[in-house]
Every structure is written in structure tokens, then in C-alpha cells.
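Below: the structure, in C-alpha cells.
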Amino acid sequence: MNTMGLNLIFQMGCLCSKEAVYVKSDKYYIVEKIGEGGFSTVSLIEHSQTKKRYALKKIICHGREDQAQAIREVEHHKTFVHPNILPLLDHALTGCADPVLNSTSQVLMVLPYYPKGHLANET
């Protein structure tokens, strides 16, 4: 490979090593894990085309009750419009939670990313 080709790869970043996640038709790259809780993780993601950064909350559902609860969280998030509550920008459900088949589902929630830590620091 010539020098120009290597420069282009370094400028763009190696896409082969970035983990991708799809929310509906949008593709995002996971940049880093931001936090972790009992049932979910939050990652910093970057839109593949716009390069804009977001927070992705990924809820792992081990059964149908977990999945129903996660979907309720999405529905509640969509109904609240308040300056102190992060708006839900997009969401998706992947897989099918079934403890008999030992399969899980994931509820993915795309939220704004605040690099300064929280809403109070953004003004």
C-alpha cells in the first residue's frame, strides 16, 4: 500500500476495528463504554455518516417481563418533555427474549450526549 493510502486510513480511522450497532436504519460506531448498571450499559456512539456523538443505553432483556419493562421505559421516555429529562432521539428492539431457548433481546435507546457530564454543565 502506498503512503497516500495509509494516510487516508489514519485520517478516517480503521473501520474494521470499530464495533457497529444499528438503530433502525442508522449505523453507529461504539466509541467507548460510559457506564454500567444492573440491567443496562451506556456507551458513547458516533453516527457513521454525520459523525455526531450520542449516548446509547442498551438494556439486556433475559425474559419477556424484562422486555416489557424496557419497552415501558421507552414509552415513558417518549411521553416526558421536560428540560431536566433527556429526550429520547431513537430506539429499537433487537432479538427475542426467551428463557427456555436461552436467548435475550436488547432495547436500544439513543439519547443526547453531554460531554461535560450532565445537563447543568452544558449552559
Side-chain angles (χ1 to χ4, degrees):
M1 179 174 286
N2 62 21
T3 309
M4 188 174 148
L6 286 174
N7 280 340
L8 183 62
I9 289 173
F10 287 126
Q11 288 175 356
M12 293 176 53
C14 182
L15 300 179
C16 58
S17 65
K18 294 183 180 178
E19 183 182 350
V21 63
Y22 292 86
V23 179
K24 297 184 180 164
S25 62
D26 288 319
K27 182 179 182 179
Y28 300 90
Y29 294 112
I30 296 178
V31 177
E32 66 179 295
K33 186 189 280 189
I34 298 173
E36 188 172 357
F39 298 100
S40 64
T41 59
V42 178
S43 299
L44 174 62
I45 57 173
E46 182 178 86
H47 193 275
S48 64
Q49 293 178 335
T50 66
K51 305 300 183 208
K52 188 166 181 191
R53 291 186 166 195
Y54 300 94
L56 175 74
K57 182 175 183 179
K58 184 189 300 186
I59 304 171
I60 307 296
C61 307
H62 296 281
R64 293 182 185 172
E65 290 177 19
D66 293 347
Q67 186 172 306
Q69 185 175 356
I71 291 170
R72 277 194 303 275
E73 180 176 340
V74 167
E75 295 303 319
H76 289 306
H77 229 292
K78 290 189 325 189
T79 61
F80 293 128
V81 178
H82 190 276
N84 294 335
I85 298 175
L86 292 174
L88 178 64
L89 304 174
D90 204 356
H91 68 281
L93 170 67
T94 63
C96 181
D98 190 339
V100 174
L101 298 175
N102 198 26
S103 64
T104 61
S105 65
Q106 297 179 351
V107 173
L108 306 173
M109 300 170 64
V110 178
L111 305 162
Y113 172 63
Y114 293 97
K116 295 180 183 178
H118 50 80
L119 292 170
N121 292 336
E122 292 300 316
T123 56

R72 with E75: basic N within carboxylate O range, under 4.0 Å: no
Same cluster (ILVMFWY, side-chain, under 4.5 Å), Y113 and L89: no
How many angstroms lie between atom OG1 of T104 and atom CD1 of I59, to the nearest 0.5 angstrom? 13.0 Å
Of all heavy-atom pairs linking P99 and G63, the shortest is CD-CA, 4.1 Å
Kindly give the heavy-atom pair with the smallest separation between V21 and I30, and that separation in Å. CG1-CG1, 4.3 Å
So CD of E36 and NZ of K58: to nearest 0.5 Å the spacing works out to 11.0 Å
Are L44 and Y54 linked, directly or through other ILVMFWY residues, by side chains that come within less than 4.5 angstrom of each other? no
side-chain contact (heavy atoms from CB on, under 4.5 Å) for H91 and V107? Distances and angles first, verdict last. CA-CA 7 Å; H91 68 281; V107 173; 5.6 Å; no
Do side-chain atoms of H77 reach the backbone of L86 as a donor and acceptor pair under 3.5 angstrom? yes
Please round to the nearest 0.5 Å and tell me the distance separating atom OG1 of T50 and atom OH of Y28. 7.5 Å
Would L108 and I60 show up in the same hydrophobic cluster when neighbours are defined by side-chain heavy atoms closer than 4.5 Å? no
Determine the minimum heavy-atom distance between S103 and C96, stating which atoms define it. OG-O, 2.8 Å
Rounded to the nearest 0.5 Å, what's the gap from CD1 on I71 to CG on D66? Could you check? 11.0 Å
Reported NZ-to-OH distance for the pair K51 and Y29, which is rounded to 0.5 angstrom: 6.5 Å
Hydrophobic cluster membership, V74 vs L93, 4.5 Å side-chain cutoff: yes
So, for K27 and A20, which heavy atoms are closest and what is the spacing to 0.1 Å? CE-CB, 3.8 Å
Same cluster for M109 and V23 if Ile/Leu/Val/Met/Phe/Trp/Tyr side chains link at under 4.5 Å? no
For residues C61 and A70, report the shortest heavy-atom separation together with the two atoms involved. SG-CB, 3.9 Å
Testing the basics here: between A55 and P112, what is the closest heavy-atom pair and its distance to 0.1 Å? CB-O, 3.8 Å
Any sub-3.5 Å donor-acceptor pair from S43's side-chain atoms to L56's backbone N or O? no
Separation between CG (D98) and NE2 (H62), nearest 0.5 Å, reads 13.0 Å
For side-chain contact (heavy atoms from CB on, under 4.5 Å), just list the numbers for L88 and V110, CA-CA rounded to whole Å, side-chain angles, deciding distance to a tenth of an Å, and then say yes or no. CA-CA 6 Å; L88 178 64; V110 178; 5.8 Å; no
